[in-house]
Protein chains: 4
Amino acid sequence: MTAWSKPRIIDRPVSRLGNILTTTQKEKTRDRILGAAEQVFANKGYHESLVDEIAEEVSLSKGGIYFHFPSKEDLFFSVMDRLADRLVSKAEAAAAQETSPLAKAEAALMEVLLRLGKRRRLARILMVQGYSMGKAFEAKRVEIFGRFAEIIKANLDEAVKAGEIRDVDTAIAAHVWLGAINEIVIRWLYEGTPQPAEAAESLRGILIHGLVVEEPTR
Amino acid sequence: MTAWSKPRIIDRPVSRLGNILTTTQKEKTRDRILGAAEQVFANKGYHESLVDEIAEEVSLSKGGIYFHFPSKEDLFFSVMDRLADRLVSKAEAAAAQETSPLAKAEAALMEVLLRLGKRRRLARILMVQGYSMGKAFEAKRVEIFGRFAEIIKANLDEAVKAGEIRDVDTAIAAHVWLGAINEIVIRWLYEGTPQPAEAAESLRGILIHGLVVEEPTR
Amino acid sequence: MTAWSKPRIIDRPVSRLGNILTTTQKEKTRDRILGAAEQVFANKGYHESLVDEIAEEVSLSKGGIYFHFPSKEDLFFSVMDRLADRLVSKAEAAAAQETSPLAKAEAALMEVLLRLGKRRRLARILMVQGYSMGKAFEAKRVEIFGRFAEIIKANLDEAVKAGEIRDVDTAIAAHVWLGAINEIVIRWLYEGTPQPAEAAESLRGILIHGLVVEEPTR
Amino acid sequence: MTAWSKPRIIDRPVSRLGNILTTTQKEKTRDRILGAAEQVFANKGYHESLVDEIAEEVSLSKGGIYFHFPSKEDLFFSVMDRLADRLVSKAEAAAAQETSPLAKAEAALMEVLLRLGKRRRLARILMVQGYSMGKAFEAKRVEIFGRFAEIIKANLDEAVKAGEIRDVDTAIAAHVWLGAINEIVIRWLYEGTPQPAEAAESLRGILIHGLVVEEPTR
DNA sequence: AATGAATGAGCATTCATTCAT
DNA sequence: AATGAATGAATGCTCATTCAT
């Protein structure tokens with residue numbers, strides 16, 4: 001935050017370089033729409049959100065929305081993508097902070113959990129609303145979860161190579177982790193407790209413990 | 001009206017035992033509707049399923065459906081409940097076969113996983129469609145998952161007491177388990193692989209391993 | 001008219017013969033819709049007619065219309081067909097009154113002309129509105145005109161055989177006749193004059209004269 | 001605005017002759033639009049043609065179109081007028097080649113028929129699309145047909161005076177001729193056969209024959 | 001118990017037109 | 001002269017629900 005306060009990228013550097021470095025007015029409006037849509041969709045779900053409401057939220061006419069997005073459906077997808085992009089970036093950044101593969105995986109996981117735990121809206125859209133539509137939509141949720149799973153899996157693979165964890169099916173493990181997060185977050189969303197941050201420690205214990213080398217006798 | 005005033009031959013068994021042992025015609029129709037609805041909902045999701053379609057499926061008129069169920073919403077809930085009831089029973093039965101608490105929990109979990117893995121329809125409705133509606137509906141999914149979580153948790157609690165597993169937050173553990181199942185099943189639903197039965201072993205390894213006593217050094 | 005006053009077909013003879021002789025309630029409503037649609041379409045043209053208006057005209061809800069017709073487009077086609085059917089019947093009946101082939105053709109032609117000349121609504125829909133839409137619709141107009149042309153042509157063919165008229169291309173002749181009617185009626189529709197009935201004599205003279213073998217004295 | 005205040009080099013020839021001999025840039029663009037519109041309207045009909053499409057066709061923005069034409073409706077009218085003007089000129093030129101009144105009328109008629117027969121686009125717009133709109137538009141078609149009718153009628157009147165043809169109602173006769181052309185062309189448009197050029201001889205035979213005083217030997 | 005015709009509120013999408021630049 | 005983002009009125013169609021029989 002503070003870092004941003006000094007040098008700033010100028011809003012409309014009209015240069016011969018074209019749009020490479022600039023954010024056009026059109027893009028800004030598009031972004032405002034995305035923001036408003038995110039809010040409305042998170043609050044009311046896809047079906048109960050009206051294009052009119054989103055338009056009102058951005059102080060734009062309904063037609064204005066349709067100038068930027070071909071359909072309500074497409075708009076929803078764009079919202080999901082934007083959220084996922086951000087979350088993936090954060091998760092990757094968190095992973096980059098760590099050195100050991102297992103720690104990287106763990107960091108990514110926790111980053112996602114805690115971030116979802118802080119932003120109900122984000123959580124609602126990513127975890128829940130993705131299902132709210134026909135077949136076409138469900139695929140989107142799967143796609144996005146897949147992206148997260150990839151990150152986790154890649155690190156787990158490294159961890160296996162490094163001998164940090166047992167030689168389990170890392171793809172399944174990655175989905176187990178995500179599934180766990182999903183469930184915890186949803187439960188929080190609907191029952192209000194426990195907050196993801198509170199559940200984090202137990203969750204980490206169970207998940208990590210499930211993979212580490214020390215073969216339990218049982 | 002007038003036609004009804006005369007005595008008519010009733011085609012359903014009227015016994016003094018009341019409805020305890022008999023299945024009235026009405027109940028049979030209700031059940032047929034439920035079955036048809038289950039199919040349609042599973043295939044097309046709540047919003048894309050039309051009451052007309054369900055009616056057609058049961059060879060009943062739309063009005064006929066409404067004689068048995070007050071609303072489409074209610075019908076959907078009933079379908080979910082019926083499915084959940086059955087699944088819970090199976091899970092409990094599976095648990096009853098085992099003796100050690102951990103084994104009971106594990107058995108219940110696996111039963112659910114494998115059963116979902118065998119019936120896409122069941123899985124789709126329970127795992128996915130529950131979200132497909134407004135706020136009111138989402139709660140249903142949470143409620144049902146809660147029932148499963150309860151069973152798991154109860155057994156895990158016993159397992160803790162028995163010293164079979166570490167003293168973790170069993171509520172969270174239960175949800176981790178369910179979340180894992182959920183994710184694996186959804187992935188299978190959309191990507192077709194791995195089949196739950198195939199993933200079962202890895203899954204079991206990871207989840208059980210995450211709880212058992214043998215403290216790993218890490 | 002008067003003929004109808006005595007013996008009448010009963011509205012709902014519920015017999016074992018089923019619907020063969022009866023007009024069901026549904027069919028009556030369908031017919032009322034057709035009538036209202038005919039009026040609205042004739043007055044305002046296809047595009048400027050609203051389904052709402054038609055509904056209002058029949059005192060039915062918009063949904064009611066859609067219960068009977070799958071789309072506005074289909075409704076319009078049905079209106080055209082109904083009108084064409086009637087007109088074709090009349091034309092055939094008129095032809096049947098005559099004995100010589102040429103007289104038959106002539107009678108059919110005149111019947112159509114005069115009937116259109118009496119009912120602006122009929123004329124507007126058949127002659128003009130058929131074009132009011134995309135490709136799909138234009139074909140309808142062509143189809144209907146084709147039906148009329150067939151009748152004329154068939155009789156002209158006979159007339160040729162009978163030596164009543166010259167051996168011209170009867171298909172073209174039939175279309176010339178229809179084109180002439182079309183133009184006269186449209187002109188009347190828009191300029192109000194001359195009324196088809198007034199133009200009939202001149203028209204007949206020109207058209208028949210164009211075909212007969214020798215200078216007819218008539 | 002400020003930029004415009006300075007004197008600028010004008011790229012269009014400004015002569016004292018005004019616009020009589022020069023075609024301004026603006027007029028050229030206007031013409032290009034007209035050409036593109038003609039194409040689009042002919043292909044898709046008025047309602048299904050979008051201003052956007054026409055704009056794209058001319059490589060102009062939608063706003064650009066509106067700088068030259070006040071409305072889509074007006075643009076369509078202009079297209080019709082342009083086409084009609086050309087066709088009228090040709091018809092008149094063709095008539096001027098002949099000497100006898102009847103031959104003049106006949107020449108004009110044939111010119112129109114054959115020219116329409118060569119250019120589907122022209123035919124579609126003039127014969128069919130004129131109806132494609134509300135009341136206001138239909139009048140245009142009537143107006144244009146009226147112009148053609150006038151030419152025919154004037155010559156027929158002369159022919160009557162000259163004793164070439166019978167003393168029929170020339171207004172009606174003119175419309176009969178046009179109606180015949182109309183129908184033949186439309187039939188060709190939709191059924192592809194016979195081509196106007198092929199039908200011309202039969203058509204001429206029937207129409208002329210319908211007017212001439214005695215059985216023409218021709 | 002069931003039918004099926006009818007309701008009516010609901011809504012996404014279209015597109016000609018405008019206007020600041 | 002031209003752009004293109006934005007407007008906003010317009011409207012066909014859907015579908016859960018009702019209700020007279």
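Throughout, a chain's letter reflects where its sequence line sits, starting with A, and its residues are numbered from 1.
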- Query: What are the two closest non-hydrogen atoms of B:F69 and B:R30, and how far apart are they?
  - Reply: CE2-NH1, 3.4 Å

- Query: In terms of the nearest nucleotide of DNA chain E, which residue is placed more toward the 5' end: C:G63 or B:L60?
  - Reply: B:L60

- Which parts of residues 50-57 of chain C get close to DNA chain F, meaning a heavy atom less than 4.0 angstrom away? C:L50, C:V51

- Looking at residues at least two apart in the chain, or sitting in another chain, which of them share a salt bridge (charged side-chain N to carboxylate O under 4.0 Å, His left out) with A:D74? none

- Note on the structure: The salt bridge (charged side-chain N to carboxylate O under 4.0 Å, His left out) partners of D:E53 (sequence neighbours excluded) come to D:K44

- Item | Counterpart residues, salt bridge (charged side-chain N to carboxylate O under 4.0 Å, His left out), relative to B:E143 (two or more places apart) | B:K140

- Rounded to whole Å, NZ of B:K44 lies from P of F:dA16 at a distance of 11 Å

- Message: If a pair means Watson-Crick or G-U wobble with both distances below 3.5 Å, what does DNA chain E look like in dot-bracket form, with | marking bases paired to a different strand?
- Response: .||||||||||||||||||||

- Task: Determine the Euclidean distance between corresponding P atoms of F:dT21 and E:dA1; express it in Å to zero decimal places.
- Result: 22 Å

- Query: Between C:Y66 and C:K72, is there a cation-pi geometry (under 6.0 Å to ring centre, at most 45° from the normal)?
  - Reply: no

- Indicate, with a heavy-atom threshold strictly under 4.0 Å, whether B:K62 touches base, sugar-phosphate, or nothing. base

- Item | Contacts of type side chain to side chain donor-acceptor pair (under 3.5 Å), residue C:K62, not counting sequence neighbours | C:D52

- Give the rounded distance in Å between these two atoms: NE2 of D:H47 and C1' of F:dG12. 14 Å

- For the pair made of NZ in B:K28 and C1' in E:dA1, what is the distance, rounded to whole Å? 15 Å

- Message: Checking D:A55 now: which residues fulfil side chain to side chain contact (heavy atoms under 4.5 Å, CB included) with it, not counting sequence neighbours?
- Response: D:I65

- Using the side-chain contact (heavy atoms from CB on, under 4.5 Å) rule, take D:L75 and D:L34 through it: C-alpha gap first, then chi angles, then the decisive distance, then the call. CA-CA 7 Å; D:L75 173 56; D:L34 245 14; 3.7 Å; yes

- The correct set of residues in residues 64-72 of chain C placing a heavy atom under 4.0 Å from DNA chain F is C:Y66, C:S71, C:K72

- Note on the structure: Looking only at E:dA6, E:dA1, E:dT3, the nucleotide nearest the B:S61 side chain is E:dT3

- Item | Between F:dG12 (P) and C:E48 (CD): distance, integer Å | 12 Å

- Query: Starting at CG of B:D74 and ending at C1' of F:dA16, how long is that distance when rounded to a whole Å?
  - Reply: 14 Å

- Measure the acute angle between the ring planes of C:F76 and C:F41, then classify it against the limits of 30° and 60° as parallel, tilted or perpendicular. perpendicular

- Query: Whole-Å distance between E:dA2 C1' and B:K26 NZ?
  - Reply: 12 Å

- Note on the structure: With sequence neighbours left out, the residues meeting side chain to side chain donor-acceptor pair (under 3.5 Å) with D:R82 are D:D31, D:E38

- Query: Mind checking what makes side chain to side chain contact (heavy atoms under 4.5 Å, CB included) contact with B:A84, not counting sequence neighbours?
  - Reply: B:I144, B:R147

